Amino acid sequence: RGLIYWERIFFCTQINSKYSDELASECLEWIKEITGEPASTSGDMENFYEVLKDGVLLCKLVNCLQPGSVKKVNESKMAFKCMENITSFLEVAKNMGVPAQETFQSVDLWERQNLNSVVICLQSLGRKAHNYGKPSIGPKEADKNVRHFSEEQLRAGQNVISLQYGSNKGATQSGINFGNTRHM
């Protein structure tokens, strides 16, 4: 039993080694700009965890971005109520366009297993904030560059041999053997 405990400690230490105090602080400052909370925007792991662990601030954040998106925010400190808040936040974040691979599991925050994934999720949500008329964080997302071609243009493109196809200068694969032949 002791070995499993130490393996878990080692695993969590490895995951949290990717954690960035600077990015976490940027997230908390952005949350403060949107919601007016928290008082402390220090990015150290302990503060980040304490500020967000019950999910209340996360629910307030998405409600500021998209009013009414979380109907009931649980102020209770009971574990299942806090996990419910975190899950509600994650559902809204996905609906707002945060890709599934940039979200986290509720236990990552509640049990402090992977705070880096929480930072990644908040950064991703921060990039979407401008879509809701709020300040955003991180690099600006690329805009779609949709192109429309006429039937005539599409037909003309079928007759062009692209340089991307490359050239093999007449080489073929005939007569090439790889390795020894199989003896039976």
Side-chain angles (χ1 to χ4, degrees), residues 7-38 40-75 79-149 164:
E7 285 175 346
R8 184 169 180 214
I9 295 293
F10 177 73
F11 179 71
C12 289
T13 304
Q14 278 186 318
I15 287 175
N16 286 327
S17 68
K18 297 177 182 176
Y19 179 85
S20 165
D21 289 358
E22 185 180 317
L23 289 176
S25 179
E26 182 182 18
C27 290
L28 290 177
E29 287 173 13
W30 173 70
I31 292 171
K32 184 174 185 172
E33 187 176 355
I34 304 286
T35 65
E37 299 176 47
S40 174
T41 57
S42 168
D44 71 273
M45 212 179 270
E46 187 62 35
N47 182 62
F48 187 77
Y49 171 71
E50 286 300 319
V51 168
L52 299 177
K53 72 178 178 185
D54 61 4
V56 172
L57 188 57
L58 295 174
C59 289
K60 287 180 182 178
L61 171 65
V62 291
N63 276 338
C64 286
L65 294 172
Q66 194 174 43
S69 53
V70 176
K71 304 286 184 242
K72 181 167 180 358
V73 179
N74 299 302
E75 298 287 338
F80 71 96
K81 293 292 186 182
C82 295
M83 295 279 278
E84 201 173 282
N85 285 343
I86 296 168
T87 302
S88 296
F89 162 78
L90 289 169
E91 287 173 14
V92 173
K94 286 177 192 170
N95 291 338
M96 293 175 82
V98 174
Q101 66 271 19
E102 291 183 351
T103 61
F104 60 94
Q105 300 292 315
S106 298
V107 294
D108 289 341
L109 175 57
W110 177 249
E111 293 182 3
R112 198 178 175 169
Q113 287 183 2
N114 188 351
L115 294 180
N116 185 52
S117 64
V118 179
V119 172
I120 290 169
C121 182
L122 288 170
Q123 289 279 316
S124 183
L125 182 62
R127 290 190 299 272
K128 307 279 183 215
H130 74 278
N131 297 339
Y132 300 92
K134 302 290 184 185
S136 59
I137 56 173
K140 182 183 179 295
E141 288 190 319
D143 297 325
K144 283 186 178 180
N145 188 2
V146 180
R147 298 176 185 196
H148 303 283
F149 297 101
Q164 291 177 346

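A quick note: this is a predicted structure, and the numbers were derived from the prediction, not measured.
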Between S88 and E84 (side chain of the first, backbone of the second, donor and acceptor by atom type, cut-off under 3.5 Å), is there such a pair? yes

Tell me if the CD atom of E29 is crowded by more than 12 foreign heavy atoms within 6.0 Å. yes

What distance do L115 atom CG and L109 atom CG have between them, rounded to the nearest 0.5 Å? 6.5 Å

Can you tell me how far the SG atom of C64 sits from the CD atom of E33, to the nearest 0.5 Å? 11.5 Å

From CG (L122) to CG (L58), nearest 0.5 Å: 6.0 Å

When every non-hydrogen atom of A129 is compared with those of L65, the smallest separation belongs to CB-CD2, 4.0 Å

Within the structure provided, determine whether F89 and L125 are in side-chain contact (heavy-atom separation under 4.5 Å). yes

Going by side chain to side chain contact (heavy atoms under 4.5 Å, CB included), C59 matches just one of N85, V92, N74, I86. Which one? N85

For S106, all residues meeting side chain to side chain donor-acceptor pair (under 3.5 Å), sequence neighbours excluded: T87

For a quick test of reading the model, state the closest non-hydrogen atom pair linking M45 to D21 and the distance between them. N-OD1, 4.2 Å

Which distance, rounded to the nearest 0.5 Å, do you find between the CZ of F104 and the CG of L90? 4.5 Å

Can you list every salt bridge (Lys or Arg N to Asp or Glu O under 4.0 Å) pair that touches residues 40-56, not counting sequence neighbours? E46-R112, E50-K53, D54-K77

Does Y19 use its side chain to pair, donor to acceptor, with the backbone of S117 at less than 3.5 Å? no

Can you see which heavy atom on V70 is nearest to which on N63, and at what distance? N-OD1, 2.8 Å

From CD (E22) to CD (E26), nearest 0.5 Å: 7.5 Å

With no hydrogens and no angle check, is any side-chain donor or acceptor of W110 less than 3.5 Å from a backbone partner on F80? no

Distance (rounded to the nearest 0.5 Å) between L61 CG and L52 CG: 9.0 Å

Side-chain donor/acceptor of S136 to backbone N/O of K128, under 3.5 Å: no

Strictly below 4.0 Å, N to O, side chains only: are E102 and R127 in salt-bridge contact? yes

Could you report the tightest heavy-atom contact between N116 and S20, atom names first, then the distance? OD1-N, 4.5 Å

Least distance between heavy atoms, V62 atom then S69 atom: O-OG, 3.2 Å

Would I31 and E37 count as a side chain to side chain contact (heavy atoms under 4.5 Å, CB included) here? Give the steps. CA-CA 7 Å; I31 292 171; E37 299 176 47; 5.9 Å; no

